[in-house]
Amino acid sequence: MTNDLIHATAAELAAKIHSGEVSSVEVTQAHLDRIAETDQAVHAFLHVDAEGALAQARQVDADVKAGKVVSPLAGVPLALKDVMTTEGVPTTVGSKMLEGWLPPYDATVTRKLKDAGVVILGKTNMDEFAMGSSTENSAYGPTHNPWDLDRIPGGSGGGSSAALAALQAPLAIGTDTGGSIRQPGAVTGTVGVKPTYGGVSRYGLVAFSSSLDQAGPCARTVLDAALLHEVIAGYDEMDSTSINEPVPPVVAAAREGLNGDLTGVRIGVVTQFSGEGYQPGVLRSFQAAVSQLKELGAEIADVSCPSFDYALPAYYLIAPSECSSNLARFDAMRYGLRVGDDGTRSTEEVMSLTREAGFGPEVKRRIMIGTYALSSGYYDAYYGSAQKVRTLITQDFQKAFATFDVLISPTTPTTAFKIGERANDPMAMYKADLCTIPANLAGTPAMSVPSGLSDEDGLPVGLQIMAPALQDHRMYRVAAAYEAARGAFGGPSL
Amino acid sequence: MTSLVELMDYDEVIEKYDPVLGLEVHVELHTNTKMFCGCANEFGGEPNTNTCPTCLGLPGSLPVVNGKAVESAIRIGLALNCEIAEWCRFARKNYFYPDMPKNFQTSQYDEPIAFNGWLDVTLDDGEVIRVEIERAHMEEDTGKSLHVGGATGRIHGAEHSLLDYNRAGVPLIEIVTKMIPGTGRRAPEVARAYVTALRDLLKALDVSDVRMDQGSLRCDANVSLSPKTTGALGTRTETKNVNSLRSVERAVRFEMTRQAAVLSSGGEVTQETRHFDESSGSTSPGRKKETAEDYRYFPEPDLVPIAPSREWVEQLRGTLPELPWERRARIQKEWNLTDEVLRDLVNANALDLIIATVEAGAKPDEARSWWVSYLAQQANTRGVDLPDLPITPAQVARVIELVNAGALTNKLAREAVNGVLAGEGSPDEVVEKRGLKVVSDDSALEKAVDEALAAQPDVAQKIRDGKVQAAGAIVGAVMKATKGQADAARVREIVLARCS
Amino acid sequence: MGFPIRIPTLRGLTGVPSISRDEVAHLAKLARLAVTEDELDLFAGQLDVILQSVATVGDIATADIPPTSHAVPLTNVFREDVVRPSLGQQQALSGAPEAEDGRFRVPRILGEEA
């Protein structure tokens, strides 16, 4: 029974809970047990809120009993990335800087989840302040990939994806600034979606790079991701960059896709994302996916987006610049860590000592790069130029979408690498986000859906699907159709 | 604190140098809420009560622009004859300071909402000078720090500090003039007149409390001197903490005489921020920054651009009230005032009060009489500006109304005004509480007169004998007996009638 | 690292930033980071590599291209000037390292008297 519950999809669990076949408390407890059993090895969670989760589950069960209409995912457990504020529940963003901080407010995403009766199991591990591609930058130790515990689960949202792969939760929330939902999804064999920028409120998302950050759903199936997408998306007056438009019909699109017909759908293969540096097994998996999409009736052709070659450098200017400003607020004055206040030191000294002690090396490195790139003498050459590249990337997307409904590529150039392998080489680490970054710079939606296992190492590979802004549903339809055609590819033996 | 500073005689300064002025005024808008969050725009009360995740800069919080503040900014821009940007943005100004919760200020940088305007300023003698406006832009205020320990309660020598963020995020408009050259001897006066005119304008627009003493209007004065011999531009200093109109004038004058002394002795003026000291009337340098300022401005990614449609701008133009100078011209014509009288009323800060008193129902002559004589004396005694007296034009109008109705004598009216100034309430409440009432009941007066006559039979006899001037003593006694609440003329009539 | 990736070739050495220890120290001061001597060396090397590779943005960012600051083309997002409930003093101070008399208590402030 427990085994069934942790293997079930969110859609299946919701149906069982709402029909009274199982209770949300049983489902929640099964997942809490699974976490207790496996998280020693995986370390997906920074904080498990068993009490809060069971209270929410009991409430849903009472509502079901009382015949109250419950929302589609009510009673289903979820793992929340520790970047979202949760009132009264620790929120650390993977940093020593916020150890023990209990936010006095809920993020909009948190509130929407609670309002929808979704059961929040706890907060998941992540690279400190979402800066990283491996979750090795967490101040609380790395998360391990359930497929191979010596390997990274991707990052920054490695905790959320690992929790899904380890069957600790059927649903999770991630945030994606340069690939932090999609890349972990790819290397853990799970689905991860970065919605259109502005599609999901950023209120309460602890900012890394404000113009790029976007929260999105993580799940083991495309339909589950779509169901969660509709729970968290929508206009929010607390976020000025929130889009005041109806949520794209992603659930309907996922269901439509499940019928397996992609006749007439035009798919462009981005030529920039292949060749040297790409693991052969990843490219073979991608080619197999292309063939399957053709069999489903899609029209597929190559498309060149030359400016995408400059996405990585542009990203590594824009994101550090914004982060150098966003993280200035962590100064030991109002909340969080304070170091060195011995009664003789000034605020300036205490600020500097606290920031030195509270931030890890990657965070400091990015703050330094951003501080440099925004300096008056360098602004035009660095930040200014990066914003122009952003324009070119947006234009390349527009040109490509004039011909194609969606674009595809591998999600990431390689499968999961070993923990520690790239830890001392920032540039090598940054390349994990090569294929995912353009969508962040243009604000367009993109997702990763598993394309099975690499034939050379048996590790998961991700297929990235990209769509125009506000056309998130297009990629769900393609992904769901592909997922059905692809079939099951097993899971980690954990 | 004040060290000896060499100053040059003012006449000599003017002989050798041309002063160049630049004025930056920060005005706090009196919107209901803060610039970027829904917290009440009120401070001074219990600390940190009007705070939320956004104005405390909590992780995850986001700003949303107050539409009313944008409206006020555009109205200010229009009243200052500015162009209104078709598209502009907020930027982040990055620097660390504990009273700034995010360690950046959200402010407009190179894209202000209003720019290229002017304001005509009338000097005391009636001369009009056009001050050109560089820009008016939106930003947010900081929190307030309280320095504990040390001798002075000031920042230097304090042991620790306490922070209150109730003011953090209050909407500010910064209005910056272009360089104002050519004012010569009158530079200090021009500076004061400009800030005065701006204050009156902002008040008429009803966008701010414009109280310099409370910090809702703050002026930074930039001054430099250009030697007449070369005409080269001088190095400027920026004087802060100028908290009254009079201080604006004093600070500019002090800087002129100080900079001239530095220059004439072969020294160089340091480009720096200086601090004005009210008590000594001098300026002193602020703390030197260890590192060069680099604010690392960039467009605020959490806020979208502002693109006011021309329709919206025109609609806001339609909401502009009669502006102070338009109003003065109209009043001068309507009340038939000479230029000189008008100027005196303006200089005494009385005109707007008189107009408001008239609008509340009084006749212009009566209103003028109260404000320029009795109330002006009271302001003078208390050492405050006329508008800062704790009495409103409507209250003055009510007192005048009571006099005209015969309910108060002039003497009682002054007592009623004293009561209002003493904080005892409205004129009617003071009349009630103090029992101020003209004794108009003839029988009561007759009784008092008879008693007075009986008490002073010899005086009574004199009056009966035709010595009418002796009646004064009896009138005086009656006034005393009625505690001044009788109409003296009527008492005199009764006395004469009784003794005839 | 044995991980070749096709990214644009780096610029030639001319015009490429070379970050000195002093510059790193200056940046650290601006960013309020009390970096150690070891970090100065480490960051000087790493920043140099990173900045050299990201400087390629200058290769295609020509003068005629407008910059993009916001991914979504929204304008004029305003809030009604209506008061919302505040956190209240206790909640506001709940995360404070130190508080006193309803205020955040912080070490002595060096700075301008303004």
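Residue numbers begin at 1 in each chain, while the letters A, B, ... track the order of the sequences.
At least one donor-acceptor pair closer than 3.5 Å links the side chain of A:Arg334 to the backbone N or O of B:Pro101. Judged purely by atom type and a 3.5 angstrom limit, A:Arg329 uses its side chain to pair as donor or acceptor with the backbone of B:Gly57.
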Please step through side chain to side chain contact (heavy atoms under 4.5 Å, CB included) for the pair B:Leu62 and A:Met238, ending with a clear verdict. CA-CA 7 Å; B:Leu62 292 173; A:Met238 299 299 280; over 6 Å; no
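A:Arg355 touches chain B through its side chain: at least one heavy atom from C-beta onward sits under 4.5 Å away, while N, CA, C and O do not. A:Met351 touches chain B through its side chain: at least one heavy atom from C-beta onward sits under 4.5 Å away, while N, CA, C and O do not. Using a 4.5 Å cut-off between heavy atoms, A:Leu98 contacts chain B through its side chain alone, with no backbone atom that close. Residue B:Asp302 touches chain A through both its backbone and its side chain, counting heavy-atom pairs closer than 4.5 Å. Only the side chain of A:Met333 has a heavy atom closer than 4.5 Å to any heavy atom of chain B. If you measure heavy-atom distances from B:Tyr165 to chain A, the contacts under 4.5 Å come from the side chain alone. A:Thr85 touches chain B through its side chain: at least one heavy atom from C-beta onward sits under 4.5 Å away, while N, CA, C and O do not. At a 4.5 Å heavy-atom cutoff, the contact between A:Ser375 and chain B is made by backbone and side-chain atoms alike. For A:Thr371, the parts lying near chain B are the backbone and the side chain together; criterion is any non-hydrogen pair under 4.5 Å.
Taking all atoms of both residues into account, the shortest heavy-atom contact from A:Ser325 to B:Phe104 is OG-CD2, 3.3 Å. Of all the heavy atoms in A:Ala328 and B:Phe96, the pair that sits closest is O-CE2, 3.4 Å. The shortest non-hydrogen separation linking B:Pro63 to A:Ser240 is O-OG, 2.8 Å. For A:Leu374 against B:Tyr297, the heavy-atom pair with the smallest separation is CD2-O, 4.5 Å. Nearest approach of A:Tyr197 to B:Pro301, heavy atoms of both residues: OH-O, 4.3 Å.
In this view, A:Tyr203 and A:Tyr105 satisfy the ring pair (Phe, Tyr, Trp, His ring centres under 6.0 Å) rule, not counting sequence neighbours.
The distance from the CG atom of A:Asp239 to the CG atom of B:Leu303 is 10.0 Å, given to the nearest 0.5 Å. Distance NE2/B:His160 to CG/A:Asp341: 10.0 Å, rounded to 0.5 Å. Between atom CG of residue B:Asn94 and atom OG of residue A:Ser321 there is a gap of 10.0 Å, rounded to the nearest 0.5 Å.
Heavy-atom neighbours of B:Lys144 NZ from other residues, nucleotides or ligands within 6.0 Å: at or below the threshold of 12.
Remark: the B:Arg92 side chain and the A:Asn326 side chain contain an N/O donor-acceptor pair separated by less than 3.5 Å.
Not less than 6.0 angstrom separates the ring centroid of B:Phe298 from the ring centroid of A:Tyr379.
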